2 protein chains.
Amino acid sequence: MKIAILAYDRMTALDAVGPYEVLCRIPDAMVYFVAETPGPIRTDTHGFHSHFALIADARLEDVPNPDIIVIPGGSTGTTAVMQSERTLQWLRTAHVTSQWTTSVCTGAFILGAAGLLQGLHATTHWGSKDYLPQVGATYVAERFVRQGKIITAAGVSAGIDMALYIAAQIGSEELAQALQLAIEYDPQPPYTTGAFAHCSPEIIARAQHEIRSANGMNVPASSESDATQ
Amino acid sequence: MKIAILAYDRMTALDAVGPYEVLCRIPDAMVYFVAETPGPIRTDTHGFHSHFALIADARLEDVPNPDIIVIPGGSTGTTAVMQSERTLQWLRTAHVTSQWTTSVCTGAFILGAAGLLQGLHATTHWGSKDYLPQVGATYVAERFVRQGKIITAAGVSAGIDMALYIAAQIGSEELAQALQLAIEYDPQPPYTTGAFAHCSPEIIARAQHEIRSANGMNVPASSESDATQ
């Protein structure tokens, strides 16, 4: 069982590490963080609020046939990857033989740029939902959306829920239940504001501001958001 | 606002990255991953199910007075850090001036080894709860436990809930609500098995087995667990 998690400059760390902590505990799983250039990969808050980086340990071409593909999101980094023919070609080829092809957050736009979401329902980070039609998909406000073997998850933390679903599909409910216990995933969010439908315009504007600020994009919260964040 | 997240060999990635994604979006926060030796830091599943590593970007001594300290857990790595006088001394000194001194998962044992949990209530990963008295603390089955400025969080994913609490304390409820939306933290865990009190003995044994297996400790699930995992 080979699992490839795409890593790229200015990715969101939790988009990848959430699913990682579940998927790496599936028996016989081998997880690779694949990138165009292995080595240190800056996260999307790098340089503004931290210098945090992850390490990609394999080239894309080293893992041509993963059983599970996970494409995380990121701020400006996602837009760059959407234009990288090398990554898109790897993704299209890997998708032919994958069991599951998945995204978290704005990673959906990378699936979309590879042509994999055409005509499908999908989800992404709420802040980018209006742009899904640009890659041929229809936004659905769900935690994750399955269409055949493609699963798109909502923003950042949603990859954990998606990964537990995948564990149940490729293993068993008992495995997924045990992995949920392994990471003690008994979430107790302090507010109901994790879903934008429950948020006031003020909270949404504040969230947009903090996201853009942490990503080094100091644009007023009231302005139009761009395709990714 | 300086935030120091301890990084060490065989730490659990999500213990650190969960709080990171919240705390790095606090206005004027600067987050450092501090380690005895900066550079690549292997996670606790490295070498068994992956080669995943994070990068520590600062020496412990480079961040002597953080406002917030976050100590993640890890498998055998935690035990090693509990015996590192250099890290424990940094932690004791930093704790004198910190606003918040926190742990996630078995990171509580590092706080404990530094003498910071003596006589306190605390929490940790369920699999290590029986060992908290060895560092002078009494286990409480809560998502996180606050005692003055010390907060200990439960296993792995609990750091996200704790970080949102801290954001509300140092900022405002509105900030914490916005950060919860920023990471779209609207968790929908598929099962109730995230809390061990809700789990059958079979699920608990399976979880212990998968944890130990992913960490390269191939001990039968029925055997005694050790102080950390």
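Both backbone and side-chain heavy atoms feed into the values below; hydrogens, waters and symmetry mates do not. These figures come from a predicted structure and were not determined experimentally. Proteins come first, then strands; the chains are lettered A, B, ... in the order of their sequence lines, and each starts at number 1.
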Looking at Arg25(A) and Glu21(A), does any basic side-chain N land under 4.0 Å from a carboxylate oxygen?
yes

Under 4.5 Å to a heavy atom of chain B? For Leu23(A) that would be neither

Residue pairs passing the salt bridge (charged side-chain N to carboxylate O under 4.0 Å, His left out) test with at least one member in residues 150-172 of chain A, sequence neighbours excluded, are Arg143(A)-Asp161(A)

Cut-off 4.5 Å, heavy atoms of chain B, and the answer for Gln188(A) is both

Taking the side chain as C-beta and beyond, is there a heavy-atom pair between Pro38(A) and Phe33(A) under 4.5 Å? no

Given Gln177(A), Glu174(A), Glu210(A), Glu173(A), the one with more heavy-atom pairs under 4.5 angstrom with chain B than any other is Gln177(A)

Checked His49(B), His198(B), Met1(B) vs chain A; the most non-hydrogen pairs under 4.5 Å come from His49(B)

Using a 3.5 Å distance criterion without hydrogens, assess whether the side chain of Thr124(B) forms a donor-acceptor pair with backbone atoms of Lys129(B). no

Turns out that what part of Cys199(A) lies under 4.5 Å from chain B's heavy atoms comes down to side chain

Checked Ala168(B), Ala195(B), Ala158(B) vs chain A; the most non-hydrogen pairs under 4.5 Å come from Ala195(B)

Heaviest contributor of heavy-atom pairs below 4.5 Å to chain B, chosen from Pro189(A), Ala56(A), Pro190(A), Gly18(A), is Pro189(A)

Bottom line for Leu181(A): the part with an atom under 4.5 Å from chain B's heavy atoms is both

| query | So do the side chains of Ile151(A) and Tyr165(A) get within less than 4.5 Å of each other, counting heavy atoms only? | reply | yes

Bottom line for Ile5(B): the part with an atom under 4.5 Å from chain A's heavy atoms is neither

So, does Ser50(B) use its side chain to make a donor-acceptor pair with the main chain of Met30(A) at under 3.5 Å?
-> no

Aromatic rings Tyr139(B) and Phe196(B): how do their planes relate, parallel, tilted or perpendicular, breaks at 30° and 60°? tilted

Max heavy-atom pairs within cutoff under 4.5 Å with chain B, candidates Asp15(A), Ile55(A), Asp57(A), Ile3(A), goes to Ile55(A)

Under 4.5 Å to a heavy atom of chain A? For Ala176(B) that would be both

Turns out that what part of Thr43(A) lies under 4.5 Å from chain B's heavy atoms comes down to side chain

Cut-off 4.5 Å, heavy atoms of chain A, and the answer for Ile41(B) is neither

So, the part of Ile203(B) with a heavy atom under 4.5 Å from chain A: the answer is both

Distance-only donor-acceptor check, side chains Ser103(B) and Thr152(B), under 3.5 Å = no

Practice task
Taking only Lys NZ, Arg NE, NH1 and NH2, and the carboxylate oxygens of Asp or Glu, determine whether Asp9(B) and Arg42(B) approach each other closer than 4.0 Å.
Solution key: yes

Check: Leu179(B) versus Ile26(B): any side-chain heavy-atom pair under 4.5 Å?
Finding: yes

The interface call for Phe144(B) against chain A, heavy-atom contacts under 4.5 Å, is neither

